[in-house]
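Notes for the one structure printed next.
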2 protein chains.
Amino acid sequence: MARAGLNAARLTAAAAELADEVGLEQVTVSALARRFGVKDASIYSHVRSLRELRVRVALLGGAEMTERIAAAVAGRAGRDALVAFADAYRRYALDHPGRYAATQMRVAPEEAADTAGLRRSVELTHGMLRAYGLAEPDLTDAGRLLRAALHGYVHLEATGGFAHPRAVEESWARSLDALHVLLDNWPRRADGPAR
Amino acid sequence: MARAGLNAARLTAAAAELADEVGLEQVTVSALARRFGVKDASIYSHVRSLRELRVRVALLGGAEMTERIAAAVAGRAGRDALVAFADAYRRYALDHPGRYAATQMRVAPEEAADTAGLRRSVELTHGMLRAYGLAEPDLTDAGRLLRAALHGYVHLEATGGFAHPRAVEESWARSLDALHVLLDNWPRRADGPAR
DNA sequence: GCGAGGAACCTAGCACCCCTAGGTACGCGG
DNA sequence: CCGCGTACCTAGGGGTGCTAGGTTCCTCGC
């Protein structure tokens, strides 16, 4: 009997593929063991728990995603950067729904062990927003709204929330137009009374 | 032994409470049976499957949510309506995280059996958007972006996605300001080239 | 008041899941 | 070629969803 040659990295990769194919919920120790032709218990030599496995998928997904976004945004600014950012974000989430879902997990800082990646990702968006002339605290507020809009859009789209016939691609493009306008006209504090 | 007096409605209500307390994932037939002091199998006299139970929670949550939003929006228009809508949306989601999570399920039309509620909810948002002078297809596009922003915001907030210290309440208020501005200046097709 | 029928709930059991404890066997460095 | 660590195993406990096939209780028409 040849050994399967398991290790944490291979397990994580397989779990990520599985998550994209059948959904993060269906990523199971048993399924993974089946895929490697191995007993469930063997998995636990390389990974502490199912939870840890999913966290690894989340970290993998997060890293891949910020990498893609960074590549897309590189050398662009303003509207171009926004569109590149958003398109890369959406594309990754749609191409890798399981990994993307994993990134949405609440993961404790000590589990992450990868604060650098996280910091890089927020720097990415802050850099982009600064190009719109935003500074703190508007930076944080606009960043939150932007993240919310992107995540919400992709999440709703992925879970079938957009039943209406109008093509999503078209709506997406228009929404990016709108977000660009929004960031260009972000209501600063001095501009008016706070609602 | 007194009968527990189960029925689908009571089960749904209990499942909804449970979902809000411990999360939708933890809503389990066994847990529900425990709560009623009854064996698992008894549940299946009233509900076909765990899936059906969760769908019922989703429908309940959806109905409650649109009702609250409708009450909040009633008699308002423009910015007031937007803020009332968004606040009611967010409040419901934060007060009832389990029910809210359930509403995010992909549910087939024949499972819903409640197209009226759904239609009412889209009419609610469309009515609000029309007050901003929007018409199809901008109505659909703006509606999608608005839903995405609200859902994304609430979802990120609920899953601990906003680690940054700046108070979420403040960010939220600013984001609503921004969304109002956005809807007021929605980039119509004629206004410029499509990116 | 009473039997029939249905509803409410049960026992028993399968399949699948996560995870632990304690082995066995393979292959590499000495 | 021999020890030893690592890769993988067997065995098993506990939780979960769900089904099949009872049994007991309540209600309702007579």
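Proteins get letters first, then strands, A, B, ... in listed order; numbering begins at 1 in each.
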Picking from dC19(C), dG17(D), dC10(C), which would you name as closest to the side chain of Ser49(A)?
-> dC19(C)
His96(A) ring center within less than 6.0 Å of Tyr92(A) ring center = yes
For dA7(D), take OP1 and OP2 only and decide whether either is under 4.0 Å from a side-chain N or O of Ser42(A).
-> no
Between P of dT16(D) and CG of Leu18(B), the distance in whole Å | 11 Å
Distance test, side-chain N/O of Thr28(A) to OP1/OP2 of dC18(C), below 4.0 Å = yes
Rounded to the nearest angstrom, tell me the gap between atom CZ in Arg10(A) and atom P in dC8(D).
-> 9 Å
Picking from dC9(C), dC9(D), dG17(D), the nucleotide nearest the side-chain atoms of Leu6(B) would be dC9(C)
Report yes if a side-chain nitrogen or oxygen of Arg34(B) is closer than 4.0 Å to either non-bridging phosphate oxygen (OP1 or OP2) of dT16(D); otherwise report no.
-> yes
Would you mind reading off the distance between Arg51(B) atom CZ and dT19(D) atom P, rounded to a whole angstrom?
-> 15 Å
Take atom CZ of Arg35(B) and atom C1' of dT16(D), then tell me their distance rounded to the nearest Å.
-> 18 Å
Is any side-chain N or O of Ser45(B) closer than 4.0 Å to OP1 or OP2 of dC9(C)?
-> no
Winner on side-chain proximity to Val38(A), out of dC8(D), dC19(C), dT20(C), is dC8(D)
Can you check whether Asp177(B)'s main-chain N or O pairs, donor with acceptor, with Arg79(B)'s side chain at less than 3.5 Å?
-> no
Does Glu67(A) CD have over 12 foreign heavy atoms under 6.0 Å away?
-> no
Any His46(A) side-chain nitrogen or oxygen under 4.0 Å from OP1 or OP2 of dC8(D) = yes
Euclidean distance, atom NZ of residue Lys39(A) to atom P of dC19(C) [Å, nearest integer] = 18 Å
Phosphate OP1/OP2 of dC17(C) contacted by Ser30(A) side-chain N/O (<4.0 Å) = yes
Expressed in angstrom and rounded to an integer, what is the separation of Ile43(A) atom CD1 from dT6(D) atom P?
-> 18 Å
Can you tell me how far P of dC18(D) sits from CG of Leu32(B), to the nearest Å?
-> 12 Å
Measure the distance from CD on Glu25(A) to P on dC18(C) and round it to the nearest whole Å.
-> 12 Å
Can Val22(B) be reached from Val29(B) by stepping across I, L, V, M, F, W or Y side chains whose heavy atoms are under 4.5 Å apart?
-> yes
When the ring centroid of Tyr153(A) is compared with that of Tyr89(A), is the distance short of 6.0 Å?
-> no
